[in-house]
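Let me begin by presenting the structure, written as structure tokens, before commenting on it.
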Amino acid sequence: MDFDLNADQEQLQDAVAHASAKYRTAPIHPVFHAYDTDLDRDLGQGGFFDVQRQDGYGPLDAALTVETLSRLPRCAEIGASLLVAPKLLADALPRPIALLSRPDVAAARFLAQAKTAIIDAGDDVLILDLEGMARVETESLYAYPFGAFASPPDLSRARRLGATAVPVLRQWWRLVIAMEAVGALQAALEFTVEYLKTRRQFGRPLGSFQAIQHRLAGGTALIQGLRWQALNAAWSQDPVDAALAATFAQEAAQSVAYDLHQFSGALGLTLEHPLHFWTWRLKALQGELDALHGQAAAAADLAWPRRRESAS
Amino acid sequence: MKRKAATPAIFLRTPWISRAFEAILQIGISGGDLLLEFGWSDEQTATRERIETLLATRMPPGWEEASAHGPGSDEQVAYARQFCPILGAERLLVGHWPREYGGDEAGIWDQYILREALYAIGEPRGPQYMNSNWIGPSIMRYGTPEQKAHHLPMIAAGTVSWCQGFSEPSAGSDLAALRTRAERVGNGYRINGSKIWTSYSQAADYCFLLARTGEGKKTITVFLLPMTTPGIQVKPIKALVCDGSLNEVFFTDVYADDSMRLGEEDKGWEVVTYALAQERVGSPKHVYAMAMLEKAVEHLQSQDRFDDARVRERAARALAVCDAAQKLNYRCVDNRAKGKPDTAENNMARVLQSKGEHLVSDFIADFLPEVIAGAALAPLKAYVRRTASAAIGAGSAEIQLNLIARNWLDLPRGE
């Protein structure tokens with residue numbers, strides 16, 4: 001056990017932070033969401049989407065990178081490229097990559113921008129090159145851009161990875177949910193805590209009220225627990241660990257995002273305030289892969305058989 | 001997982017990244033082998049296997065029955081007096097202590113591995129976990145040669161029970177408000193007052209007692225008081241939590257001579273701060289919760305009652321919280337093992353741990369109500385009773401949250 005990043009890992013995260021430094025400010029115009037093509041380009045040119053394919057680097061480094069980038073108020077497709085695709089295929093796929101929970105899903109994150117779709121077809125995983133396939137960006141409230149096919153896609157063109165790829169896709173998709181949630185939760189909490197230290201009402205900072213402190217502290221415990229749980233799941237590469245992390249992520253996202261908006265008052269309801277860039281991403285993550293009950297059911301299926309011959 | 005020298009040529013396409021990665025290349029060449037990783041070393045795995053083998057083969061009979069009672073019950077105190085000497089003979093009971101006091105100078109991680117293995121079966125050390133965790137270390141640090149020679153061998157041998165004379169009717173979370181007073185008389189002290197909630201005291205041989213010796217709020221002194229001293233009376237309190245967990249202890253003109261004082265007079269706050277710091281890190285109660293969850297699930301499976309999606313979902317949600325608590329606990333143990341100062345992550349781990357304990361207890365209550373209503377599965381029933389105090393004992397949840405707000409979030413104090 002060693003819970004400190006080594007110098008390589010720290011340097012990688014420093015480099016990720018450096019590469020993304022100019023994207024730490026929220027978009028200037030009030031928007032629900034926007035795909036940041038400049039961020040996407042800079043990360044791609046830096047080779048950050050290929051972390052897992054580098055000698056000596058693995059899913060843990062990719063997970064840390066997803067965490068760091070998910071702290072940004074700006075948005076590009078990160079998780080699928082860093083954590084899912086490298087586990088399914090040795091060669092890099094055209095990106096951005098959209099993850100689809102079924103072939104006929106109504107809307108999916110990044111589908112309008114994506115060059116590749118990875119589709120969970122139940123008993124198969126399909127890799128669909130989206131070149132020439134018409135898609136539209138949907139009017140999403142979420143702070144990720146969502147898209148849909150303009151007409152049902154021609155799946156006969158898709159590359160089929162077979163049934164054994166299905167659990168792999170779901171395991172690493174769950175880790176994407178957990179790591180993106182970790183990044184967004186931390187950034188949203190830190191932003192709100194700084195606001196509550198300075199915003200004064202009744203002659204004192206709002207952050208000095210115990211009613212607020214206790215909920216922030218409780219949220220902090222959830223986030224830090226989730227962080228180590230999710231990083232452990234990246235390290236262990238165990239599907240049970242990933243399902244537990246996604247379960248806890250979707251549970252924590254719900255309560256923490258609610259509290260942070262509550263404490264930001266009406267200011268947090270405006271689109272000029274950046275809080276929604278994190279919280280409405282968290283809401284999207286909360287509903288992914290059949291939401292909390294889906295993750296918990298998967299975790300239970302992986303952790304426990306339904307019946308046992310005899311009780312011990 | 002050992003890292004090879006990094007060759008991140010792909011990262012060198014742009015100058016600003018290239019600068020950052022020059023350092024990586026150098027580190028790769030120098031071969032730093034520390035890194036974030038969650039695995040056990042071969043030595044740690046061997047330690048765990050050794051302990052688990054010992055537990056599988058050397059446990060005295062009767063633990064299943066005793067574990068249906070609380071850690072302060074007569075049954076568990078008696079069981080611990082059989083079991084702890086076995087651990088003691090293997091130098092495991094106080095493995096992390098120095099050799100001169102009967103330990104094996106084992107690392108913090110070995111100590112934690114032992115605790116996890118013991119908590120997974122319900123902590124058969126009963127009240128004696130306190131002895132090795134913080135009472136012994138406090139005596140080592142502040143005790144006289146005579147006190148060390150008297151107490152430490154008994155603790156290391158597993159033959160002695162202690163209780164913790166801290167809380168009082170007017171001093172709970174605000175421990176420094178305690179009123180039990182020790183007055184100077186001749187070469188000793190006359191102690192008057194009372195303690196409350198004192199777990200294990202009805203069966204304890206000694207009390208680690210805090211008493212006021214001056215007027216300042218933290219002017220207190222620690223005594224290592226034999227419970228056979230005249231003037232001590234223990235009254236059990238019937239409670240939701242298990243037998244022996246809650247007692248009142250009355251001190252009426254109890255005479256303690258100077259040899260029973262631990263550390264200097266009036267300097268007990270330092271001693272108790274040290275003692276509590278030993279206690280706070282890495283209590284693996286979440287492992288106990290996971291073991292009880294597993295037992296509940298096994299029982300439901302055996303009766304074909306684990307097919308229901310609601311039941312399965314609730315089990316997984318409880319497991320997810322316990323798992324997060326465990327990983328955060330590992331983080332805290334790692335900090336301690338590296339000699340770093342404790343952080344509010346300890347408090348966060350406690351918060352998650354209590355949440356996990358509550359979820360497991362509620363799982364049992366909701367899906368195995370016969371456990372609470374009747375006599376089935378006595379260890380689960382005892383567990384439900386114990387968890388009534390999950391977020392209260394050893395620093396209430398609200399105190400933990402205050403410390404996180406102050407020490408981690410740096411939020412301003414109320415004005």
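Computed from heavy atoms alone, side chains included, the values below leave out hydrogens, waters and symmetry copies. Labels below follow one simple rule: chain letters A, B, ... track the order of the sequence lines, proteins then strands, and each chain is numbered from 1.
Using a 4.5 Å cut-off between heavy atoms, Gln210(A) contacts chain B through its side chain alone, with no backbone atom that close. Using a 4.5 Å cut-off between heavy atoms, Ser236(A) makes no contact with chain B at all. With a threshold of 4.5 angstrom between heavy atoms, Ile212(A) does not approach chain B through any atom at all. Contact annotation for Leu222(A): both backbone and side-chain heavy atoms come within less than 4.5 Å of a heavy atom of chain B. Contact of Leu377(B) with chain A is not made at all, since no heavy-atom distance falls under 4.5 Å.
Between Leu409(B) and Glu190(A) there is no side-chain heavy-atom pair separated by less than 4.5 Å. Lys197(A) places a side-chain heavy atom less than 4.5 Å from the side chain of Asp410(B). Taking 4.5 Å as the limit, some side-chain heavy atom of Trp228(A) sits within range of a side-chain heavy atom of Glu345(B).
Considering only heavy-atom pairs separated by less than 4.5 Å from chain A, the leading option among Asn335(B), Val351(B), Ile404(B) is Ile404(B). Interface remark: of the candidates Lys355(B), Glu313(B), Arg331(B), Arg331(B) forms the most heavy-atom pairs closer than 4.5 Å to chain A. The greatest number of non-hydrogen atom pairs below 4.5 Å with chain B, out of Thr247(A), Val193(A), Asn232(A), is found for Asn232(A). For the set Ala325(B), Ala397(B), Ala315(B), the count of heavy-atom pairs under 4.5 angstrom toward chain A peaks at Ala315(B). Contact tally against chain A (heavy-atom pairs below 4.5 Å) for Ala337(B), Ala405(B), Gly39(B), Ala344(B): the top residue is Gly39(B).
Under a cut-off of 6.0 angstrom, the local environment of CZ in Arg310(B) is sparse, with at most 12 non-hydrogen atoms contributed by other residues, nucleotides or ligands. Within 6.0 Å of CZ on Phe209(A) lie more than 12 heavy atoms contributed by other residues, nucleotides or ligands.
With sequence neighbours excluded, no residue forms a ring-ring contact (aromatic ring centres under 6.0 Å, His included) with Phe49(A). In this structure, the salt bridge (charged side-chain N to carboxylate O under 4.0 Å, His left out) partners of Lys338(B), at least two apart in sequence or on a different chain, are Asp2(A), Asp4(A), Asp334(B).
For the residue pair Gln213(A) and Pro412(B), the shortest heavy atom distance occurs at NE2-O, 2.7 Å. Among all heavy-atom pairs drawn from Ala320(B) and Gln229(A), the shortest one is O-NE2, 2.9 Å. Residues Tyr330(B) and Phe3(A) come closest through the heavy atom pair CB-CZ, 3.4 Å. For Ala316(B) against Ala299(A), the heavy-atom pair with the smallest separation is CB-CB, 3.9 Å. Closest approach of Leu401(B) and Ala217(A) over heavy atoms only: O-CB, 3.4 Å. Pairing each heavy atom of Glu398(B) with each of His214(A), the nearest pair is O-NE2, 3.5 Å.
The distance from the CD1 atom of Ile113(B) to the CE atom of Met1(A) is 8.0 Å, given to the nearest 0.5 Å. In this structure, CZ on Arg227(A) lies 11.5 Å from CE on Met348(B), to the nearest 0.5 angstrom. Of the inter-residue distances, the one linking Phe38(B) atom CZ with Asp238(A) atom CG reads 13.0 Å to the nearest 0.5 angstrom.
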Chi angles and distances behind the side-chain contact (heavy atoms from CB on, under 4.5 Å) call for Phe248(A), Arg317(B): CA-CA 7 Å; Phe248(A) 193 46; Arg317(B) 288 169 67 174; over 6 Å; no
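In summary, the side chains of Trp304(A) and Glu298(B) do not present any donor paired with an acceptor at a separation below 3.5 Å, with no hydrogens or angles considered.
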